[in-house]
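This one's a predicted model, so the numbers in the text were calculated from it and none came from an experiment. Worth knowing before you read on, the calculation uses all heavy atoms, side chains too, and leaves out hydrogens, waters and symmetry mates. Counting convention: from 1, in listed order, for ligands and their atoms alike. We're numbering straight along the sequence, starting at 1.
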Amino acid sequence: MKEWLRDAVFYQIYPQSFNDTNADGIGDIQGIIQKLDYIKNTGFNAIWINPCYTSPFTDAGYDVEDYYTIAPRYGTNEDIKNLFAQAHAKGIRVILDLVPGHTSITCKWFQESLKPEKNEYSGRYIWTDYVWKGCDGYSGISGSMRGLSDRNGSFGVNYYSTQPALNYGFAKITESWQQSVDSEDAVSTCNAIIDIIRHWLSLGCDGFRVDMAFSLVKDDDEHLETIKLWKRIFNVIRPEFPDAVFVSEWGQPDESLIAGFDMDFLLPFGDSHYMDLFRTDNPYFSKMPDGDALPFFTKYIENVNITKGKGLMCIPSGNHDIPRISYKLDDEEMKLAYAFLMSMPGAPFIYYGDEIGMKYVEGLKSVEGAYNRTGSRTPMQWDNSLNNGFSSSSRDKLYIPIDSDADKPTVEKQISDKSSIYNELKKLISVRHLYKALQADAEFELVHLEKSASPLVYKRGGKILVAINVSDKAAKCEIKENLGNVIYELGGSAVLTDDVLSIPACSASFIEII
Ligand code: NOJ
């Protein structure tokens, strides 16, 4: 594990909605630079920025036009270099978003690939050899498009129709137009991605969150060829940039960490049961009875054993693709959820705005391919000034409207309220920074959890007992430990008498084991 990950606490910034400094209604890199002190004061020491490259924005920037250039609406390459330098001066690492599975249709590579005449990019994407022959139906290809040019073929798309799939080859060849993983074209796509990684790491970026990292080789059900491909990429990049960190959007740590990623996210897809924690109709971290965390922990422990020493599993508060954590949880429940996130292994990721309990805004018109995700991407609410301090543009120019609720949280209000979600999270992050046993790679041991019931009790690093009771009734469980100081408590501390741990309703405590 990279040493800096041990105590890393990440803040995810969706750049278009964070802070606008040039009054165009869209956030920018300069806006992130201006908020570095806020980020640092909250306790974060790492940032992940969603794609900020030139793009037609049919999918919020996950449709890259030019991998080497920052989108003008966010600033320049100089601005991001400046962000890296200023963040580093404050002890904050910055990772970017790498989108290796697809480009936009406006990307120069694709424009060349559309041409009927053979050229360097003809095989950069997945093409059939006849326009009426589709290439869908293979795992990893989400659809097939035809008719964009006079090239006689159909091309595969990776996500939206505006996102043609890059060609890394097929694991199984069943058609003459399919290329193997070691074909010249597949290898040249791989080399192109290595160049892009190298470019940003050389400018000072600290690593990447990798979009749909599992999706590269097609018809690769077990992901064995995709795993080999990532190993090839890491074999080149690791010696050049030994401190760089890669976190995958894969959702299956048993695969991604074997592929060489430092960390993987537990996500709505895959088999992690991540959604059971905060987002089902009856999530575990709500006072409603019957929420069940057992499937999550059963899978989690299975993965702990498979991935020991290979990398980390990261549990995010949320992200730009799912309803905010506040969608199903009230303030008290959210604080307990944060006590959990800040005491689990891996690197915690907090999605911008979740630190103040921003709401999922219902009923918004889709913006730049967000559809139902728009409500989780609204502008950051800083204070009570114009546009809540997000932008000094006129309200109708804002990229996404601000939550219209008069009672919505702002950073300013939350900082001044001692009992706010923000101040609780800040306290929790500072406790995590103080105790190695709570950090990324310290051991995890589940002590007590029953089906659909509180409490949840676990040990970290053999030294700290975490007891969380999300129900509104006091709970008890038997444990055989000697307990010492309480290092954190919310809603009262658990008390041990004659091997019985009594945990107050709606409480979380971290207690030293002696
Ligand atoms: C996953 C990203 O998180 C999502 O926002 C995007 O739309 C798809 N990948 C396609 O790149």
Inset, instruction - Could you check atom 3 (O) of ligand 1 against the protein and tell me its nearest heavy-atom contact, residue, atom and distance included? - result: Asp321 OD2, 2.5 Å

Legend entry - Parallel, tilted or perpendicular: ring planes of Tyr300 versus Phe296, cut at 30 and 60 degrees: parallel

Legend entry - Contact atoms of ligand 1, heavy-atom distance to Arg377 under 4.0 Å: 5 (O)

Legend entry - Pair Gln252-Asp264, side-chain hydrogen bond (donor to acceptor under 3.5 Å, both in side chains): steps then yes or no: CA-CA 7 Å; Gln252 274 186 262; Asp264 190 20; over 6 Å; no

Legend entry - For atom 11 (O) of ligand 1, the protein heavy atom that lies nearest, with its residue and separation: Asp211 OD2, 2.8 Å

Legend entry - Those atoms of ligand 1 less than 4.0 Å from some heavy atom in His102: 10 (C), 11 (O)

Inset, instruction - Please work out whether the ring planes of Tyr352 and Tyr14 are parallel, tilted or perpendicular, with thresholds of 30° and 60°. - result: parallel

Inset, instruction - Could you tell me the residue and atom name of the protein heavy atom closest to atom 7 (O) of ligand 1, and the distance to it rounded to 0.1 Å? - result: Asp59 OD2, 2.6 Å

Legend entry - Test side-chain hydrogen bond (donor to acceptor under 3.5 Å, both in side chains) applied to Gln439 and Asp7, step by step: CA-CA 6 Å; Gln439 296 172 3; Asp7 187 26; 3.2 Å; yes

Legend entry - From CA spacing to verdict: ring-ring contact (aromatic ring centres under 6.0 Å, His included), Tyr38, Trp382: CA-CA 11 Å; Tyr38 165 74; Trp382 295 101; 5.1 Å; yes

Inset, instruction - Find all atoms of ligand 1 within a distance of less than 4.0 Å from any non-hydrogen atom belonging to Glu249, and give their numbers and elements. - result: 1 (C), 3 (O), 9 (N)

Legend entry - His320: numbered ligand 1 atoms lying under 4.0 Å from its heavy atoms: 2 (C), 3 (O), 4 (C), 5 (O)

Inset, instruction - Give a yes/no verdict on a cation-pi contact between Arg209 and Phe349, requiring under 6.0 Å between NZ or CZ and the six-membered ring centre and an angle within 45° of the axis. - result: no

Inset, instruction - Enumerate the atoms of ligand 1 whose separation from the nearest heavy atom of Arg373 is less than 4.0 angstrom. - result: 4 (C), 5 (O), 6 (C), 7 (O)

